[in-house]
Structure formats: structure tokens, C-alpha cells
2 protein chains.
Amino acid sequence: MTSTHPHERDDSPRARVLAAAADVFAKSGYAGARVDEIAAVAGVNKAMVYYHVGDKSHIYALVVGERVDRMLSVLRDAIAHGTNAEEKLRTAIAAMTASASANPQFAPMMLREIASGGAGLPPEILGKAASVFELFRTILDEGRREGLFRPVDPVSTHMMIAGVVMLLSAGAPIRARLRAAGGSRRTPGTENLADNVFDLVIHGLRAGTDPAASTQSAKGRKP
Amino acid sequence: MTSTHPHERDDSPRARVLAAAADVFAKSGYAGARVDEIAAVAGVNKAMVYYHVGDKSHIYALVVGERVDRMLSVLRDAIAHGTNAEEKLRTAIAAMTASASANPQFAPMMLREIASGGAGLPPEILGKAASVFELFRTILDEGRREGLFRPVDPVSTHMMIAGVVMLLSAGAPIRARLRAAGGSRRTPGTENLADNVFDLVIHGLRAGTDPAASTQSAKGRKP
DNA sequence: GTCTATATACCGATAGAC
DNA sequence: GTCTATCGGTATATAGAC
């Protein structure tokens with residue numbers, strides 16, 4: 001809140017602490033995170049952590065809230081640029097994947113929060129998570145009205161999309177370990193990740209079981 | 001290892017500690033779990049925890065390993081009863097859903113492990129997680145050979161299935177909190193959960209058998 | 001604003017009586 | 001096998017000098 005100019009990169013102690021805290025919380029969770037480590041990663045004295053930001057739980061609420069806000073605005077933005085439900089879903093999945101990739105702390109933190117049942121999370125942040133679900137439900141309803149989508153369970157659908165995005169993002173290191181241990185099978189080709197996910201999801205949603213593919217797969221697969 | 005008869009219900013101190021530990025680790029994670037709480041939930045003295053089972057990390061490895069084994073055997077069992085790939089996938093998803101529902105500790109523990117990158121997890125257990133992935137890849141390959149499934153990215157597909165199963169299981173309490181806070185929207189109908197998931201997944205996988213559909217539905221752009 | 005030193009509390013693990 | 005009491009280590013948070 002004490003920023004001089006919004007357009008210049010913020011490397012104030014406060015910002016450095018928050019950035020470091022996001023890394024440490026993502027890696028170790030709230031209970032596993034050490035304030036000493038946050039201070040060390042931020043390159044500031046531990047007392048400065050308390051002076052510039054606050055105690056551990058306060059830092060955590062700030063960091064988590066910021067990431068949820070970021071994902072929410074990215075999602076709203078993506079949905080605004082879409083002519084129909086399918087297009088909105090495509091841009092939404094692409095935006096989620098890009099945002100999760102650009103903010104590797106998001107998925108681990110969310111997965112841990114889900115595992116904890118959201119205990120110790122401010123109700124305000126819970127509400128934002130709920131509005132993410134509402135966004136998806138709106139797209140599904142719209143696609144159904146447009147005749148593009150089959151009627152599906154919105155909860156399962158949302159969990160499927162959120163699940164694959166977060167597991168692909170957060171699961172990258174564990175897959176790397178498995179590849180290293182298992183003798184390096186092959187590269188899972190996570191480059192066009194959003195396309196793969198959208199391809200699966202849209203085929204699951206489309207009304208009337210489409211023959212030809214959606215965006216990229218199914219090259220000339222014709223009898 | 002000191003069981004008298006395998007068919008009688010085990011309520012030995014050791015078994016009670018392991019059951020309690022699963023609950024506490026699922027709720028709070030490894031770092032957040034307290035040995036005192038495990039002892040209290042198990043109804044035994046804290047010293048008995050160490051005497052009958054071992055220290056915290058040993059308990060954790062036992063509990064996690066047991067749940068992974070359970071899921072793996074349930075999956076193998078389900079796949080054995082299936083005539084083709086689609087049938088195997090259907091029974092596999094049903095078995096995963098049922099197992100996750102019967103063992104509510106599984107999903108939270110796995111989500112946390114993924115968030116941690118599997119750090120502090122015995123390589124043996126990592127290998128079992130890898131063989132779960134291999135099971136799914138085998139089904140997908142088989143379905144492709146049978147002409148039932150489209151060619152899809154096995155990693156994304158597996159993450160999608162595992163994601164929706166675990167998020168629906170672990171996310172139950174957080175959804176309940178959101179319902180309570182949001183004025184109780186509606187019941188998400190999680191009764192026939194496995195059917196909903198399989199319905200979405202199989203529509204995403206099925207090879208295009210029906211050439212009649214709304215053609216221009218996909219991307220609004222054209223060369 | 002920044003650092004050192006420390007208060008305070010908690011937690012994992014064990015010693016030792018019974 | 002079971003319990004009490006406690007040791008040793010570590011974590012959060014702050015007081016106080018500069």
C-alpha cells in the first residue's frame with residue numbers, strides 16, 4: 001500500500017518477503033514453512049518479516065489471497081473474450097494453464113488447502129473460490145442453452161478441469177523424479193498442455209459426439 | 001506382523017495407532033500432525049505410539065504405503081474384470097471412486113504429497129504411484145488398438161481422472177462449508193459420482209463413430 | 001528501519017518406575 | 001506393556017540496542 005509508482009518493479013522488503021513466502025508455503029505448506037526460511041529466501045532479517053508484513057498467519061492469508069485473486073481475474077478476462085461457450089471454455093482453460101505455469105505456487109497451495117478442507121482460510125478467500133466455480137457453471141449452462149454442450153454435472157466437470165490443471169502444474173517435480181528413477185521413459189510433452197486438456201474436456205462435453213477433432217489432434221483419422 | 005488370525009478385526013494398539021495416524025495425517029499433513037493428537041485419537045499413551053509402531057516418519061511411511069497399496073490392488077482387481085478397454089476404464093473409475101470414498105484419508109494425503117513433490121516419501125512408494133500411471137496408460141493403449149479410443153495424451157488423461165476423483169473426495173468438506181456460507185445452493189448430487197466421472201471421461205476418449213454433428217461449432221477461426 | 005539476543009511455548013522422543 | 005515425567009531441540013514472536 002506504500003508503493004511509490006505502480007508501474008515500477010516492487011523490490012521493497014515487503015514485496016520480497018511476500019514473494020519468498022509464496023515459494024516457501026508452496027513447497028512446505030503452512031505448518032511446514034519456517035519463518036526463518038522465508039526471511040532467508042527474501043534476504044531480509046527475520047525481525048523485518050514481522051515489521052514489514054506481519055506474523056506467519058497474516059503472511060499466509062496475504063499470499064494465498066493474492067494468488068486466488070490473480071487466477072480469478074485471469075479467468076474473468078479470458079471468459080470476456082469469447083463469442084460462444086466453447087470459445088470461452090477454451091480460453092478459460094488456456095488462461096488457467098498459463099497462469100498456473102506462470103505462478104507455480106498456486107497449484108501446491110490450493111491442493112493443500114483442499115486437503116485441509118480450507119481450515120484456517122479466511123471466509124473471504126473461500127468465497128472467491130466459490131465464484132470460480134460459478135464462472136464455470138455459467139459457461140456450462142450457456143453451452144447447454146446454445147446446444148453445444150451435453151447436460152453434465154457441473155461439480156464433476158469443474159473438479160475435472162481444475163484437477164487436471166493443478167495436478168499437471170504441481171505434479172511436474174514428482175513426474176521428473178519418477179522419470180529419473182524409472183530410467184527416463186519419454187518426455188510427456190507438456191508443451192501444448194492447454195490444447196491437450198481442452199481437447200479432452202471439449203470432447204467430453206460436446207453434444208452429439210463429434211467426429212472430427214477440435215483444435216489439434218486427430219489428423220485425418222478417417223476410414 | 002504379530003497378528004494372531006488374519007480374519008479377526010484387529011484392534012491392537014498398533015492398529016488403533018495406525019488408524020488414528022491416518023486420520024490426523026490426512027487432516028493436518030505430516031508437518032501439521034502432532035504425535036500427541038495421534039495418541040489421543042487412538043486412545044493410547046504417547047509412549048505406546050513409539051513402543052508399538054515407531055517414530056513419526058515411520059508411522060507416516062506405513063500409513064501412506066498402506067493406502068497406496070490398497071488403491072493399487074483395487075485398481076488391478078477392477079481392471080482384471082473387464083472385457084475391453086472401455087469396460088476396464090469404467091470399472092477402474094468406479095473402483096477408484098469407491099475406494100476413495102471408503103478411505104477418506106487417501107485423497108488428502110495424496111494431494112499433499114503431490115504438492116510437496118513427493119519429498120520425504122520412500123522411493124518404493126513413488127514406484128507404486130508410477131505403476132498406477134502405467135495401468136492407465138495400458139488401458140488407453142489397449143482402447144486405441146481396439147479402435148475404441150482416440151489417441152490422447154496419457155499424462156493429461158491420467159491427471160484428469162486422478163484429479164477429479166481426488167478433488168471430489170477431498171473437496172467434500174470444503175464444498176460443505178461453501179454451501180453453508182453461500183446459503184445452501186443445492187445438493188451437488190454426488191450419489192452416482194462414478195457414473196458422472198466416467199460419463200465425462202468416456203465421451204472425451206471415444207473415437208469418432210458418428211460423422212453427423214454440428215460442424216462449425218469448434219473454433220470460430222478459419223484460414 | 002535494521003539487527004542481535006532472547007523470552008516463551010511447543011513438540012518429538014525417551015528414560016525409568018511400575 | 002503401560003504410564004509419568006522430562007530432556008533436548010526448535011519454532012514463533014518480540015524486546016531493545018543502534
Side-chain angles (χ1 to χ4, degrees), chain A residues 1-5 8-65 109 112 116 119-122, chain B residues 1-5 8-65 109 112 116 119-122:
Chain A
M1 302 307 183
T2 335
S3 69
T4 53
H5 300 295
E8 64 187 29
R9 187 64 135 243
D10 194 359
D11 75 336
S12 63
R14 180 184 170 91
R16 290 221 312 280
V17 166
L18 288 176
D23 285 339
V24 176
F25 283 133
K27 188 189 64 176
S28 310
Y30 179 79
R34 299 290 164 242
V35 178
D36 293 85
E37 188 182 359
I38 293 176
V41 172
V44 303
N45 187 276
K46 177 165 66 160
M48 290 299 95
V49 171
Y50 291 89
Y51 179 80
H52 285 291
V53 189
D55 67 12
K56 191 180 174 182
S57 66
H58 188 221
I59 302 174
Y60 184 72
L62 286 177
V63 166
V64 173
M109 295 195 316
R112 279 187 227 268
S116 313
L121 210 64
Chain B
M1 303 300 183
T2 336
S3 69
T4 52
H5 300 296
E8 64 187 30
R9 188 64 136 244
D10 194 357
D11 75 336
S12 62
R14 179 185 171 91
R16 291 219 313 280
V17 166
L18 290 176
D23 285 339
V24 176
F25 282 133
K27 187 189 63 172
S28 310
Y30 179 78
R34 302 289 163 242
V35 178
D36 293 84
E37 189 182 358
I38 293 175
V41 172
V44 303
N45 188 275
K46 178 163 68 158
M48 290 298 96
V49 172
Y50 291 90
Y51 178 82
H52 285 290
V53 188
D55 65 14
K56 193 181 174 182
S57 66
H58 188 219
I59 302 174
Y60 184 72
L62 285 177
V63 166
V64 174
M109 296 196 314
R112 277 186 227 269
S116 314
L121 210 65

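Given the structure is predicted, the values throughout are model-derived calculations rather than measurements. Sequence lines set the chain letters: A, B, ... in the order given, protein chains first and strands last, and positions in each chain run from 1.
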Presence of B:Tyr50 side-chain N/O under 4.0 Å of C:dT14 phosphate oxygens OP1/OP2: no
The side chain of B:Ala47 lies closest to which of these nucleotides: C:dA15, D:dG1, C:dG1? C:dA15
Rounded to the nearest angstrom, tell me the gap between atom CE in A:Met48 and atom P in D:dC18. 16 Å
Spacing of A:Lys56 atom NZ relative to C:dC10 atom C1', expressed in whole Å: 12 Å
By the 4.0 Å heavy-atom rule, please label A:Asn45 as base, sugar-phosphate, or nothing. base
B:Tyr60 vs B:Phe25 aromatic rings, parallel, tilted or perpendicular, using cut-offs 30° and 60°? perpendicular
Return no unless some side-chain N or O of B:Arg34 is found under 4.0 Å from OP1 or OP2 of C:dG12. yes
Residue whose closest nucleotide on DNA chain C lies nearer the 5' end, A:Lys46 versus A:His52: A:His52
Rounded to the nearest Å, what distance is computed from the CD1 atom of residue B:Ile38 to the P atom of nucleotide C:dA13? 10 Å
Distance check needed: D:dG1 C1' versus B:Arg16 CZ, whole Å only. 13 Å
Gap between atoms NE2 and P, on A:His58 and D:dT14 respectively (whole Å): 13 Å
Looking for any heavy atom pair under 4.0 Å, which part of the strands does B:Ala33 touch: base, sugar-phosphate only, or nothing? sugar-phosphate
To the side chain of B:Asp36, which of C:dG12, D:dG1, C:dT2 is closest? C:dG12
Taking every non-hydrogen atom, the tightest pair across B:Arg112 and B:Lys27: NH2-O, 2.9 Å
Closest non-hydrogen contact found for A:Val53 with A:Leu62 is CG1-CD1, 3.8 Å
Heavy-atom closest pair, residues A:Ala15 and A:Asp10: CB-O, 3.5 Å
Can you tell me the distance, in whole Å, between the CG atom of A:Asp55 and the P atom of D:dA11? 17 Å
